[in-house]
Colleague: 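Attaching a single structure in C-alpha cells format; questions to follow.
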Amino acid sequence: MILLKNMAGQAILTNPKKPSARNLAYLKAGAPITIDICTPAGQKRKFHTFYIGYLPKKYVLIEYPDATKLGAFSQYISQGTVITVRGLIEGRDGAAVAFISSVRQTLQIPSRIMVLDIPNTVTLQQLRSSVRIDTHIYAKVKIDDVYWQTTMTNLSVDGGQLDIINGEQLVLAEDKVIDIVVETGEGESNIKLNATICNIKQQVDGLSFGVKFNKVSKQQVIELLYQALAHDH
C-alpha cells in the first residue's frame, strides 16, 4: 500500500496493483484542464491545457501546454516529473476530477503531447463551496448604481474573490448586495450574478473582497468555472 494525499490534503491509501482510474472516463476528449508543475526547488506554477484521453491500465494523454506560456518551466517537463491534473466534467450539477501522475514521455508527432502514467487514484468531487478554482475573469460589478471594473481571482459554486484596482475611494460594507456582470462571447447572453459582500481587505492599489452568491443559477457559475479552465488569460 502507498500513502498519498488528495486535493483536500486528506491521507488516502492506494494499491498500485489495482489502479482505480475509472473516474477518468468522466473527462471527455478535448476537455479543458489545468496542470500544476513543481520544480525541484519547490516553485509551483499552474498552466492551462486540454485532455486528450486515456488507455486503461496504460497511460493518459494530455496536450502539451503552450510553450510561450511555459517559459523556463518547460525544462522541468521530463520523464518522472510529478504533475497534478484537474478538470471539470459535464453534468447537471458539475463535478471536478483531480489526480496526481508523472510524465512518462513527451511526443512531437502528430502534435506536442504529454504521456502520463495511469494514476493510482482519481478523485471525483461535486462542486461545492470547498472546491475553489483560481481564475482571472474580467467582469463589471454594480455598487450603488455605479459600475466598476473588477477581476474575479477565484471562484466556487457558492462565491468568489473580487479585486478592484483604483477603488480606494469606494465605500464598501459587509452584507452589501451587489450585481456582477461577466461578458461572454458574441451572440451569447452575459452572465449576471447577484451577491453579498464579505471579508473586505484594503490593498495597496485598491480593494479585495469576497462575495457569496444569492439566488444564483448554479449552472451559470459552473459555466464560469468551465470558462476559467478553458482560457489562459
Side-chain angles (χ1 to χ4, degrees), residues 7-9 26-28 30-34 36 46-48 50 86-98 123-233:
M7 295 296 290
Y26 288 109
L27 274 178
K28 292 187 176 182
I33 58 175
T34 59
D36 290 341
K46 186 187 303 292
F47 300 97
H48 297 265
F50 295 92
R86 182 174 59 189
L88 297 177
I89 63 174
E90 296 181 2
R92 187 182 64 182
D93 295 326
V97 169
T123 62
L124 179 63
Q125 290 181 304
Q126 293 299 314
L127 292 177
R128 54 186 189 275
S129 58
S130 61
V131 181
R132 283 190 175 270
I133 292 180
D134 292 333
T135 61
H136 196 91
I137 300 173
Y138 294 113
K140 293 180 180 179
V141 57
K142 185 180 180 181
I143 304 172
D144 296 330
D145 295 325
V146 177
Y147 282 95
W148 296 77
Q149 292 291 337
T150 185
T151 303
M152 302 182 72
T153 57
N154 67 48
L155 186 66
S156 75
V157 169
D158 291 339
Q161 188 77 19
L162 275 65
D163 287 352
I164 296 181
I165 304 299
N166 299 325
E168 298 88 343
Q169 297 179 352
L170 180 61
V171 178
L172 289 183
E174 295 195 8
D175 297 328
K176 179 185 283 288
V177 177
I178 61 174
D179 292 315
I180 302 168
V181 179
V182 180
E183 296 181 351
T184 55
E186 191 173 327
E188 299 180 10
S189 299
N190 293 339
I191 296 175
K192 298 180 180 180
L193 308 171
N194 183 262
T196 299
I197 293 175
C198 57
N199 193 23
I200 303 169
K201 296 180 181 178
Q202 291 284 344
Q203 304 286 358
V204 175
D205 54 356
L207 288 172
S208 178
F209 56 93
V211 295
K212 182 178 181 180
F213 298 133
N214 305 322
K215 299 178 182 179
V216 66
S217 167
K218 189 174 183 180
Q219 194 58 42
Q220 283 188 307
V221 182
I222 291 173
E223 184 180 336
L224 273 182
L225 289 167
Y226 278 115
Q227 177 180 320
L229 283 178
H231 298 90
D232 191 0
H233 298 278

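By convention here, the first residue in the shown sequence is residue 1. Keep in mind that this is a model prediction, so the values were computed, not measured.
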Colleague: Could you tell me the separation between the NZ atom of Lys176 and the SG atom of Cys198, rounded to the nearest 0.5 Å?
Modeller: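 Answer rounded to 0.5 Å: 14.5 Å.
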Colleague: How far does CG of Asn154 sit from CG of Asp134, to the nearest 0.5 angstrom?
Modeller: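 CG of Asp134 is found 6.5 Å from CG of Asn154.
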Colleague: Roughly how far, to the nearest 0.5 Å, is CH2 of Trp148 from CG of Leu207?
Modeller: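 The CH2 atom of Trp148 is 8.5 Å from CG of Leu207, to the nearest 0.5 Å.
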Colleague: From Leu155 CG over to Ile137 CD1, what is the distance, rounded to the nearest 0.5 angstrom?
Modeller: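 Answer for the CG-CD1 pair, Leu155 versus Ile137, is 5.5 Å.
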Colleague: Hey, what do you get for CD (Gln161) to OG1 (Thr150), rounding to the nearest 0.5 Å?
Modeller: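 Nearest 0.5 Å value for the CD-OG1 distance: 9.5 Å.
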Colleague: Taking the six-membered ring for Trp, are Tyr138 and His136 ring centroids under 6.0 Å apart?
Modeller: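 Between His136 and Tyr138, which both carry aromatic rings, the centre distance is below 6.0 Å.
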Colleague: When Phe213 is tested against each of Val157, Asp158, Ile180 for side-chain contact (heavy atoms from CB on, under 4.5 Å), which residue passes?
Modeller: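 Result: among Val157, Asp158, Ile180, Ile180 is the only option passing the side-chain contact (heavy atoms from CB on, under 4.5 Å) with Phe213.
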Colleague: How would you list, by chain and number, every residue that makes a side chain to side chain contact (heavy atoms under 4.5 Å, CB included) with Lys142, sequence neighbours excluded?
Modeller: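 Once residues adjacent in sequence are excluded, the partners of Lys142 under the side chain to side chain contact (heavy atoms under 4.5 Å, CB included) criterion are Asp145, Tyr147, Asp179.
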Colleague: Drop me the distance from Lys140's NZ to Lys192's NZ, to the nearest 0.5 angstrom.
Modeller: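 These two atoms lie 11.0 Å from each other.
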Colleague: Sequence neighbours left out, what passes side chain to side chain contact (heavy atoms under 4.5 Å, CB included) with Asn199? Give chain and number order.
Modeller: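 Counting only residues at least two positions away or on another chain, Asn199 forms a side chain to side chain contact (heavy atoms under 4.5 Å, CB included) with Lys201.
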Colleague: Using every non-hydrogen atom in the two residues, find where Met152 and Thr135 come nearest and quote the distance to one decimal.
Modeller: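 Smallest heavy-atom distance, with atoms named: O-OG1, 2.6 Å.
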Colleague: May I have the step-by-step check of side-chain contact (heavy atoms from CB on, under 4.5 Å) for Ile200 and Glu174, ending in yes or no?
Modeller: CA-CA 7 Å; Ile200 303 169; Glu174 295 195 8; 4.0 Å; yes
Colleague: Begin with the C-alpha distance, continue with both residues' side-chain angles, and end with the deciding distance and a verdict on side-chain contact (heavy atoms from CB on, under 4.5 Å) for Ile143 and Ile164.
Modeller: CA-CA 12 Å; Ile143 304 172; Ile164 296 181; 4.2 Å; yes
Colleague: Could you tell me which residues satisfy side-chain hydrogen bond (donor to acceptor under 3.5 Å, both in side chains) with Thr153, sequence neighbours excluded, listed by chain and number?
Modeller: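 Residues passing side-chain hydrogen bond (donor to acceptor under 3.5 Å, both in side chains) with Thr153: none at all.
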Colleague: Say whether, by atom type as modelled, one donor and one acceptor occur between the side chain of Thr123 and the main chain of Ala98 under 3.5 angstrom.
Modeller: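 The answer is yes, because a donor-acceptor pair under 3.5 Å joins these two groups.
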Colleague: Considering residues at least two apart in sequence or located in another chain, which fulfil the side-chain hydrogen bond (donor to acceptor under 3.5 Å, both in side chains) criterion with Thr151?
Modeller: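 For Thr151, no residue satisfies side-chain hydrogen bond (donor to acceptor under 3.5 Å, both in side chains) once neighbours in sequence are set aside.
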Colleague: With a 4.5 Å heavy-atom cut-off, do Tyr26 and Leu124 have their side chains touching?
Modeller: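 Contact flag for Tyr26/Leu124 side chains = yes.
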Colleague: Evaluate Phe209 against Ile178 for side-chain contact (heavy atoms from CB on, under 4.5 Å), listing each step before the verdict.
Modeller: CA-CA 12 Å; Phe209 56 93; Ile178 61 174; 4.0 Å; yes
Colleague: Regarding Asn214 and Thr196, is there a side-chain donor-to-acceptor distance under 3.5 Å anywhere?
Modeller: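 Yes, a side-chain donor-acceptor pair sits under 3.5 Å.
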Colleague: Kindly give the heavy-atom pair with the smallest separation between Asp163 and Ser208, and that separation in Å.
Modeller: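 Nearest pair, atom of Asp163 first, then Ser208: OD1-OG, 2.8 Å.
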Colleague: Could you work out, with side-chain hydrogen bond (donor to acceptor under 3.5 Å, both in side chains) as the rule, every residue matching Lys212, not counting sequence neighbours?
Modeller: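 side-chain hydrogen bond (donor to acceptor under 3.5 Å, both in side chains) list for Lys212, sorted by chain: empty.
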Colleague: State which residues pass salt bridge (charged side-chain N to carboxylate O under 4.0 Å, His left out) with Lys46; sequence neighbours excluded, sorted by chain then number.
Modeller: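 Salt bridge (charged side-chain N to carboxylate O under 4.0 Å, His left out) list for Lys46, sorted by chain: Asp36.
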